[in-house]
Amino acid sequence: MVYNKDTESEPRIYGYSRTASAVLTHCACVVFTVIITALSRPGTSWFSWHPFFMTLAFTFFMTEAILLFSPHGSPIKRFSHKTKGRVHWILQCLCASCAVLGLAAISYNKHLNGKPHFTSWHGLLGLLTVCVVGLQSVAAVPLIYTSLAKGWSLAKLKRYHVASGLVTYLLGSASLLLGLSSAWFTAAVGKYTWYLSALCTALNALVIMNQITSAYMAKKRLHS
């Protein structure tokens, strides 16, 4: 009897912890975006648009786009998978647009100040991430309009998209963490704000990685 009670209670506790993690991630997205917006004060300079747009792209839009498919924390949980897919693609397009604007802002700012481009790990990784996000958004079109996927297995395309999406998200998170170590950010915040910002980014990455890998393992068990 004790064994049955424990086995029945485990999934419920597991679900509660998943829901709590998803809610915490939603909150972390908003908190981190607000912190960066307050610090950068977008519009006060060309540089100010860079951290604002990049945070909006990778912390808010990309995270929320992936959380749409979370069985425990999706804000549109009751909608069909097709609707979630379309909203996901819209959010990813917004992510790509903001990323391009953020890249353009920092590039023009460096041009105005006569500084060299892409000389740091943050700059190089950021450029790579923006390019990958653009490719990821374009490659997802056949998943929305399936008539374009002639000769391709939709199941395989979805697996490739999910795997590359996880890599893209981790690249974006790594780029954000490197940005937190920049001279601008470390000079603008205190020690506790820096740790809070780094924690928000790391938490988001862990939750998203866990969501994707868990969904993949669940599908693998179903097909085995």
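- A side-chain donor-acceptor contact under 3.5 Å links His26 to the backbone of Gly73.
- Listed for the Thr63 side chain is no donor-acceptor partner under 3.5 Å among the backbone atoms of Phe60.
- Cluster annotation: Val133 and Val162 are assigned to the same hydrophobic cluster (Ile/Leu/Val/Met/Phe/Trp/Tyr, side-chain heavy-atom contacts under 4.5 Å, transitive).
- The shortest side-chain heavy-atom distance between Leu177 and Ser181 does not fall under the 4.5 Å cut-off.
- Trp194 places no side-chain N or O within 3.5 Å of a backbone atom of Thr186 that could act as its donor or acceptor partner.
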Step-by-step side chain to side chain contact (heavy atoms under 4.5 Å, CB included) determination, Val87 to Phe79: CA-CA 10 Å; Val87 177; Phe79 285 70; over 6 Å; no

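- The heavy-atom pair separating Ser107 from His117 by the smallest distance is O-CE1, 3.0 Å.
- Closest heavy-atom contact between Leu39 and Ala188: CD2-O, 3.9 Å.
- Looking at Ser164, its side chain does come within 3.5 Å of a backbone N or O of His161 through a donor-acceptor pair.
- When atom types are taken as modelled, the side chain of Ser74 and the backbone of Pro71 share no donor-acceptor pair closer than 3.5 angstrom.
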Chi angles and distances behind the side chain to side chain contact (heavy atoms under 4.5 Å, CB included) call for Leu206, Asn210: CA-CA 6 Å; Leu206 287 173; Asn210 184 263; over 6 Å; no

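- Residues satisfying the ring-ring contact (aromatic ring centres under 6.0 Å, His included) criterion with Trp184, sequence neighbours excluded, are Phe47.
- Under the 3.5 Å distance criterion, with hydrogens and angles disregarded, no donor-acceptor pair is assigned to the side chains of Ser137 and Gln92.
- Judged by distance alone, with hydrogens and angles left aside, the side-chain atoms of Lys77 form no donor-acceptor pair with the main-chain N or O of Ser70 at under 3.5 Å.
- Of all the heavy atoms in His88 and Leu68, the pair that sits closest is N-CD1, 3.5 Å.
- Taking the six-membered ring where the residue is Trp, Trp46 and Tyr108 present perpendicular rings, their angle passing 60° and hence far from 30°.
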Pair Met62-Thr168, side chain to side chain contact (heavy atoms under 4.5 Å, CB included): steps then yes or no: CA-CA 10 Å; Met62 183 174 277; Thr168 305; 3.8 Å; yes

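- Annotation for His122 and Ser175: closest pair ND1-O, 2.9 Å, computed over non-hydrogen atoms.
- Pairing each heavy atom of Cys98 with each of Leu56, the nearest pair is SG-CD2, 3.9 Å.
- In terms of heavy atoms, Leu154 sits closest to Pro142 at CD2-O, 4.2 Å.
- Of the possible donor and acceptor atoms, none in the side chain of Glu64 sits under 3.5 Å from a partner among the backbone N and O of Cys29.
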